[in-house]
Novice: 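Let me begin by handing over the structure; questions about it come next.
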Amino acid sequence: MFSLRERIQKWKKAHEASIKELKFILFRIRKSPLSLLGTFIIAFYIIIAILAPILAPPQPSWDIFKNPNPFIIPDAYNSVDPTPPSPQHPFGITVEGYDIYYGCIWGTITAFRVGVMVVALSLIIGLAVGIIAGYYGGLVDEILMRFTDIIICFPGLILAMAFVVALPPALTLDAPTILIPITVVIALITLLQFLKRTSKRRAIIYLAITLVLAVVSALILLGIVPKINVVQTPLTRLDKVLIALILVGWPGYARVIRGEVLRARSEDYVEAAKAIGASDSRIIFKHIVPNTIYPILILASLDIGSIVLTAAALSFLGIGAEPSYADWGQLVQKCEPYMLGVDIVRYWYIWLIPGAFIFIFGLGWNLLGDAIRDVLDPTLRRR
Amino acid sequence: MGLREYIIRRIIMIIPIIIGAVILIFAVVQLIPPGSRALLYVRTERDLQFLDQIIKAHKLDASPVEQFADWLRQILEGNFGWTRVGRGPVLNVMFAKWPATIEIVMFAAPLTIIFGIILGVISAVHRDKLPDHITRLISIAGYSLPSFWLGLILLSLTYVTTGTVITGRVSNSVQNIVKSPAWHTYTGLYTIDGIINGRFDVVLDALKHLALPVIVITTINMAGIIRLMRSSMLEALTKNYIITAKAKGLKNTKVINKHARRNALIPVVTIAGLMVAGMLSGLVITETVFAFEGVGQWAAQCATQLDIAGVIGFTIFTGLLFVISNLIVDILYAYIDPRIRLG
Amino acid sequence: MEIENIVDVENLVLRFYTYEGIVEALDGVNLHIKPNEILGVVGETGCGKSVTSLAILGIVMPPGRIENGKIIINVNGKQIDILKLHEEAIRKIRGKDISMVFQEPRAYLNPVYTVFDQISEVLIEHRKQEFINRALQTLKNQPKKSTITNFYISIYEKWSKNPNSLLIRFLSKIPMLRRFQNPFKKELRKEVVQLLKSLGMADPERVADSYPHELSGGMAQRVVIAMALACNPTLLICDEPTTNLDVTVQAQILELIRALRAKFKSSILYITHDLGVIAELCERVAVMYAGNVVELAPVIELFKNPLHPYTRALLESIPRPGQPFKSIPGIVPSLINPPKGCRFNERCNYAMDICYKIKPKFIKVKEDHFVACHLYGE
């Protein structure tokens, strides 16, 4: 019906305001030298990540046993002491014989993987919780916000530590573990139905389902009905870190979104949509979400820097990635035997170089993030 | 509403959160296999032999519901289990190590706040000019620095310049002084105790060892304060009463310092509470790097060696600390800004 | 003999340099205020009234810049161009010779300081010497002088000779020693309470110790007025002081302003968009549109004989019972790319060719009646 050009123009017109915003953001970024620096740093890391196989080719010949996983740093030499940088090993070798250069290059991909996955998944959970809490308000809001409060009341790194230490080596999804969350969710929906006063039939059906599930879960909890294992997947140490960081991270986003949704809910266009009889999900997705999430998406993606920093801290403590994994924090951890003595300076390359990678990565994201935060803050703009 | 009603209201609101947090910790504990979980119930060193009986006694392989009341009772009695790392009951070990950590916070917290406020004001007043860019670079670099990396750099620098590696709370010679019977421990803080005992060499030595960890903690946490102070100042400077102040003929510095700054400081007070969390987290790493015998180092070792009792005990305690500090901050906020009490 | 005008604004040009473009906020504004008169400035939102008044005080909020023009004020018998003055010198005038009352009083008062703090601030800034001397006098007049009193007298005599001495400033920062300021503060307090009383406050002591958010709109406005009048200014600028208040309170404030003018013999520049207030309060009135003063005349003359088409349209649009509403067709032009020639040309019923090309000059058409319109050209 419409030609491609016409469709593009229509899209441009519909999103005129957002495009103007975007242009303004880009303008401010161009103007500030700090944010330009941040952008360059991030671009630099992206290039390294893409070119990793070329910059540090995984060489099965290095290892006695053929190593299919490029993220496991190959053993070069089984040297007793760490070896300083040399032409073949530009960043040196650690005591078990891991090539630091290799670890740093492939560690870039690991960093992006950890950062992106944690931010994405925490965002998804946080958005879901926050939108529901903000839009429906009342009791639902109270309950959901208590959840976030409980998690927020612990310092981030420390709670993540607890999660990583406590998580079992394999994730077993057995009957109670699946049933209880499902029961809780359905109970909440039932609550919603009652609060919204939809058709009696619907509410009663939901209530019945909730009661059945609750009874079954109670039986299982009390140990009467035996647990049935449904799924079991092994968790690598890195997986545990990811899960821990996601669990610790989502409440922050949930709160922010909830605040925005609350604000948007009182705007006139929502009243108008309700007056025409638009359904709740329509109002949420077509009106409230587009008006609230863009700034939050941008700000959240800039959290990648601090997530990688936290993950590195966990690795440094020794509860992060496996000892042979290509991860920056993991590499720094290898200087642990030498930390209290003079050797710390002698074997500087073990901690200084991977640490520098971590620092500059975080610096890039934080520089850009600071500039964008400055732009998006409505009280400070337009100068 | 009045300050008193506000305080009571806030305290009441805390209770469900504490309950929920306890449940959360319990859920985390449930993830641990029963064999390790038994360590949470151990009271004395002798009990370590009888883990099987403990498992049976507390029904650790039965359903969670049965365990909850039991576990709760343990906690309320003050038994957080036994830490292999600290070689003692969790609670005792933690209390023994807290003074060291408090000593660092004692110096770092005021420095962070003072520097943060000063730099934040400078940054806001000279927005988008050179002082602003420099300050922002310093602050952003500050919190981008991995704390362990900064610590290691400082350690190396001190070695390169002075020839010694400064780790621990006091050097070996002073360690003997502190352990000798002539020394009276009052607070557990070497700086204060040193003054009371009249041994200024101890005080100096302690300060020497405190310097680097304090620098690390201050640098990293300063950034948050700077950024908040900056945006808070910028917002205050757009307010209308600034125009009034100018129209009265006041000097520009007075306008900034007297009118804008006091209003801008109000939100910064709230972040002081969050700063506590940041410092606690940062201390875990920093104390490890400097081998500083505080709670943070102990917690890090517990994590590395999978000492469940230690990790869980530490988590509960820091959570409690954080909740209380936020409560205090909320009350302080209501005290400073009379408008808050109305809501 | 020509009586010197208190303020003479000649051809004031002010621009705001924003991301969206250059806003030509003021495009050659011409105004003058005579001694001891109330001049009203009326115009729609965005026509530049507030910006002009702030400019008279020498306050230009960035990203604005004054590009051209003169603002000549007549203070203490001297004529000075504000735009050429140093910041230091302007500060001495602000709050003392020219002061301002703002629109939303509670937004313009600092929420963390009491009323007494904020009013005494002006007194300390401009009349410090006077109050030091008063305190000194009170101390000397005490029949029984304790040692402390004598000590204070010696301090105050030193202070009186050098109000800004570093020693005194240093001492005032030390918590315990600060007490020496108490006699000084007592004098300030007497003056503040007196000022509040003269503004019709029922309980001036209590108001002085209140915070701005504890006051009602009317009371807060009186506080702002008190602050402005504290140093007996020659010119008082009022920027829509009653717009956000109830009508009854508005009447009180207007009455107050009239009484104060009579008592202090100051001139008043009263900005509003309410023609009714103009008719009731002002002697002369300036009509502003889109960054220009288009007409300036005595009030009665303006209402009887409006010359500029905009003024005419304004007066016609005043709602009259029994008659249909009349509005001015069109909208105010954007000031970023203002129309060439006269800015009212799009909406003017009498627009001629020249109105689209050349900007009309501000000229005297009759005695004390000025217009900027090509209808009354050379």
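Naming convention: chains lettered A, B, ... in sequence-line order (proteins, then strands); numbering from 1 in each chain.
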Novice: Give, as side chain, backbone, both or neither, the part of L280(B) having an atom under 4.5 angstrom from any heavy atom of chain A.
Specialist: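 Both backbone and side chain.
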Novice: Charged N to carboxylate O under 4.0 angstrom, R146(A) versus D149(A)?
Specialist: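 Looking at R146(A) and D149(A), the cut-off is met.
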Novice: Tell me, out of V165(A), L167(A), I158(A), who's got the most heavy-atom pairs with chain B below 4.5 Å.
Specialist: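 The residue among V165(A), L167(A), I158(A) with the greatest pair count is I158(A).
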Novice: Flag the one option from P33(A), G38(A), A356(A), G305(A) with the top tally of heavy-atom pairs under 4.5 Å to chain B.
Specialist: A356(A)
Novice: In this structure, which one of R227(B), R230(B), R127(B) forms a salt bridge (charged side-chain N to carboxylate O under 4.0 Å, His left out) with D132(B)?
Specialist: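 By the salt bridge (charged side-chain N to carboxylate O under 4.0 Å, His left out) criterion, D132(B) pairs with just one of R227(B), R230(B), R127(B): R230(B).
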Novice: Looking at L152(B), L24(B), I18(B), which has the largest count of heavy-atom pairs under 4.5 Å with chain A?
Specialist: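 With the most close heavy-atom pairs to chain A, the winner is L152(B).
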Novice: Would you check if the side chain of T101(B) reaches a backbone N or O of V295(B) as a donor-acceptor pair within less than 3.5 Å?
Specialist: yes
Novice: So which of V323(B), V28(B), I285(B) has the biggest tally of heavy-atom pairs under 4.5 Å with chain A?
Specialist: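 Most heavy-atom pairs within the cutoff with chain A belong to I285(B).
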Novice: Please determine, among L314(A), I360(A), L352(A), L159(A), the option with the most heavy-atom pairs under 4.5 Å with chain B.
Specialist: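 The option with the most such pairs is L352(A).
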Novice: Using heavy-atom distances under 4.5 Å, tell me whether L309(A) contacts chain B through its side chain, its backbone, both, or neither.
Specialist: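 Side chain of L309(A) only, per the 4.5 Å heavy-atom cut-off to chain B.
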Novice: Heavy-atom distance under 4.5 Å between the side chains of I25(B) and F154(A), does that happen here?
Specialist: yes
Novice: Does the separation of the ring centres of F361(A) and W328(A) fall below 6.0 angstrom?
Specialist: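 F361(A) vs W328(A): aromatic centres under 6.0 Å.
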Novice: Quick one: of L137(B), T304(B), V22(B), L145(B), who has the most non-hydrogen atom pairs under 4.5 Å with chain A?
Specialist: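 Ranked by contacts with chain A, first place is L145(B).
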Novice: Does any heavy atom of chain B fall under 4.5 Å from the side chain of A160(A), the backbone, both, or neither of them?
Specialist: neither
Novice: Flag the pair T310(A) / V241(A) as yes when at least one side-chain heavy-atom distance between them is below 4.5 Å, and no otherwise.
Specialist: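 Not in contact.
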Novice: Decide yes or no for F290(B) and T286(B): does some side-chain heavy atom of the first lie under 4.5 Å from some side-chain heavy atom of the second?
Specialist: yes
Novice: Do you know which of A300(B), A141(B), A291(B) has the most heavy-atom pairs with chain A at a distance under 4.5 angstrom?
Specialist: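 Going by pairs under 4.5 Å, I would pick A141(B).
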Novice: Among the options G318(A), G156(A), A162(A), pick out the one with the most heavy-atom pairs lying under 4.5 Å from chain B.
Specialist: A162(A)
Novice: Return the option, out of G369(A), P354(A), A312(A), with the maximum number of heavy-atom pairs under 4.5 Å with chain B.
Specialist: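 Heavy-atom pair counts peak at A312(A).
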Novice: Report which part of I319(A) has an atom under 4.5 Å of a heavy atom belonging to chain B: side chain, backbone, both, or neither.
Specialist: side chain
Novice: Got F147(A) and P251(A) here, is their nearest side-chain heavy-atom distance under 4.5 Å?
Specialist: no
Novice: Pick whichever of L34(A), I358(A), D370(A), L317(A) has the most heavy-atom pairs under 4.5 Å with chain B.
Specialist: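 Of the options given, most contacts go to D370(A).
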Novice: Would you mind checking which part of V289(B) comes under 4.5 Å of any heavy atom in chain A, side chain (CB onward), backbone (N, CA, C, O), both or neither?
Specialist: both
Novice: Do H133(B) and K129(B) have side chains that get closer than 4.5 Å, going by heavy atoms?
Specialist: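 Heavy-atom side-chain distance check fails, nothing below 4.5 Å.
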Novice: Side-chain contact, heavy-atom cut-off 4.5 Å: W298(B) with E293(B)?
Specialist: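 SC-SC contact between W298(B) and E293(B) ruled out.
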Novice: Looking at V311(B), I19(B), I17(B), which has the largest count of heavy-atom pairs under 4.5 Å with chain A?
Specialist: I17(B)
